Amino acid sequence: FGAFRFLSGGVLLFIVALLPPLFFAGMIYLASNVEMLTAVGFNVNGEGVDASWMAIDKEPFFWFLVWQSSFAFFLSAFIGPTLVAPDLAHNALPLYLSRPLSRSDYILGKLLVLLVPLSAVTWVPGLLLLGLQTSLAGPGWLGEHWRLVPAVVLGSWIWILLLAVLAIAISAWVKWRPVATGMLFGLFIIWNAPLLYLIGVPFTLIGYMGIVAAEEAFPMKKFGVAYQ
């Protein structure tokens, strides 16, 4: 029963994490089909109406990453503590490593368990949204905003890799799942809130802002200094 409750909770959280991409997809579609809103009686171009939401540029994707980075954190806090702790608690590591499986292979496998769902709620729907906007606005839009593609991918991977590594490290250190989950929340929210503000969620947006702000000629060498 406990395993079923955990699985159903994870599936529910994953479904909720996919709701913001659906919202942004709807916004992109409506912004390209304003006549549909006008036909049903919505005043979208009249005097005193803020029509800035219809301009699909870098800003909607910025807020998309903000929302999805939060859901990625909750998913990692929910899934991460269950990855290594059960193997340590049941002394299963010697059994795994006695087979043709190295330690790096074992860690890589655990990382993939986290990176797959985290990717499914961050850069994968981000690219789908970019594809939707391109199909509605034409290839010229992508030619003008091509930097959004590497920005969404890079910004997402910086964040989900950080989450995955920390979640697995805490799972290997603490064998009891509730304590491990609490430590992950404490690390990011309570004990190190300034670090979360300065290094956490903004990590998701560094790649985004650095690549999208081409007008300011942001030097790419800064990325090498920051992440080495």
Side-chain angles (χ1 to χ4, degrees), residues 2-22 24 61-89 92-93 103-129 151-208 226-227:
F4 174 77
R5 185 173 58 183
F6 172 79
L7 180 61
S8 59
V11 171
L12 178 61
L13 180 59
F14 183 77
I15 292 175
V16 172
L18 294 178
L19 294 180
L22 292 177
F24 282 100
F61 294 94
F62 174 91
W63 290 111
F64 165 80
L65 286 180
V66 171
W67 275 97
Q68 296 310 105
S69 64
S70 301
F71 281 113
F73 169 75
F74 288 119
L75 278 172
S76 64
F78 189 84
I79 302 173
T82 66
L83 293 179
V84 180
D87 295 340
L88 294 175
L93 274 181
R103 293 181 179 179
S104 58
D105 292 334
Y106 174 82
I107 296 175
L108 179 61
K110 297 297 183 179
L111 278 174
L112 287 177
V113 174
L114 261 180
L115 292 177
V116 169
L118 296 185
S119 296
V121 300
T122 52
W123 63 271
V124 172
L127 292 182
L128 291 176
L129 290 176
V152 168
V153 175
L154 176 61
S156 298
W157 270 104
I158 291 172
W159 181 236
I160 65 176
L161 277 175
L162 175 65
L163 289 177
V165 170
L166 284 176
I168 289 179
I170 292 177
S171 178
W173 187 28
V174 181
K175 297 182 180 180
W176 194 28
R177 179 178 173 271
V179 176
T181 302
M183 287 187 62
L184 190 59
F185 271 92
L187 178 64
F188 279 92
I189 297 177
I190 301 173
W191 175 65
N192 230 348
L195 184 62
L196 174 66
Y197 180 78
L198 296 174
I199 305 180
V201 174
F203 258 31
T204 315
L205 310 174
I206 288 176
Y208 175 93
Y227 303 129

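No hydrogens, no waters, no symmetry mates; every other heavy atom, side chains included, goes into these values. Please read these numbers as outputs of a predicted model, since none were measured by experiment.
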With rounding to the nearest 0.5 angstrom, report the [atom1] to [atom2] distance, [X] to [Y].
X: W159; Y: F73; atom1: CH2; atom2: CZ; answer: 7.0 Å
X: L112; Y: I107; atom1: CG; atom2: CD1; answer: 12.0 Å
X: S69; Y: I160; atom1: OG; atom2: CD1; answer: 11.5 Å
X: I168; Y: L163; atom1: CD1; atom2: CG; answer: 11.0 Å
X: F74; Y: I79; atom1: CZ; atom2: CD1; answer: 13.5 Å
X: F61; Y: Q68; atom1: CZ; atom2: CD; answer: 12.5 Å

Are [X] and [Y] side-chain neighbours, meaning at least one heavy-atom pair lies under 4.5 Å?
X: L13; Y: L75; result: yes
X: L115; Y: L161; result: yes
X: P20; Y: F64; result: no

Specify the closest pair of heavy atoms between [X] and [Y], including all atoms of both residues, with the distance to one decimal.
X: A164; Y: L111; answer: CB-CD2, 3.7 Å
X: F14; Y: P117; answer: CE1-O, 3.9 Å
X: G80; Y: A167; answer: CA-CB, 3.8 Å

For a quick test of your reading: what N or O donor-acceptor pairs under 3.5 Å do the side chains of residues 120-128 make, sequence neighbours left out?
unit_1, atom_1, unit_2, atom_2, d
T122, OG1, L118, O, 2.6
W123, NE1, S119, OG, 2.9

Exercise. Quick check: does any side chain N or O of S156 sit under 3.5 Å from a backbone N or O of V153, one acting as donor and the other as acceptor?
Worked result: no

Problem set entry | W157 atom CH2: more than 12 heavy-atom contacts under 6.0 Å | yes

Problem set entry | side chain to side chain contact (heavy atoms under 4.5 Å, CB included) between F24 and W63, intermediate numbers included | CA-CA 9 Å; F24 282 100; W63 290 111; 4.2 Å; yes

Exercise. Under the side chain to side chain contact (heavy atoms under 4.5 Å, CB included) criterion, do L129 and V152 qualify, and how do the steps go?
Worked result: CA-CA 11 Å; L129 290 176; V152 168; over 6 Å; no

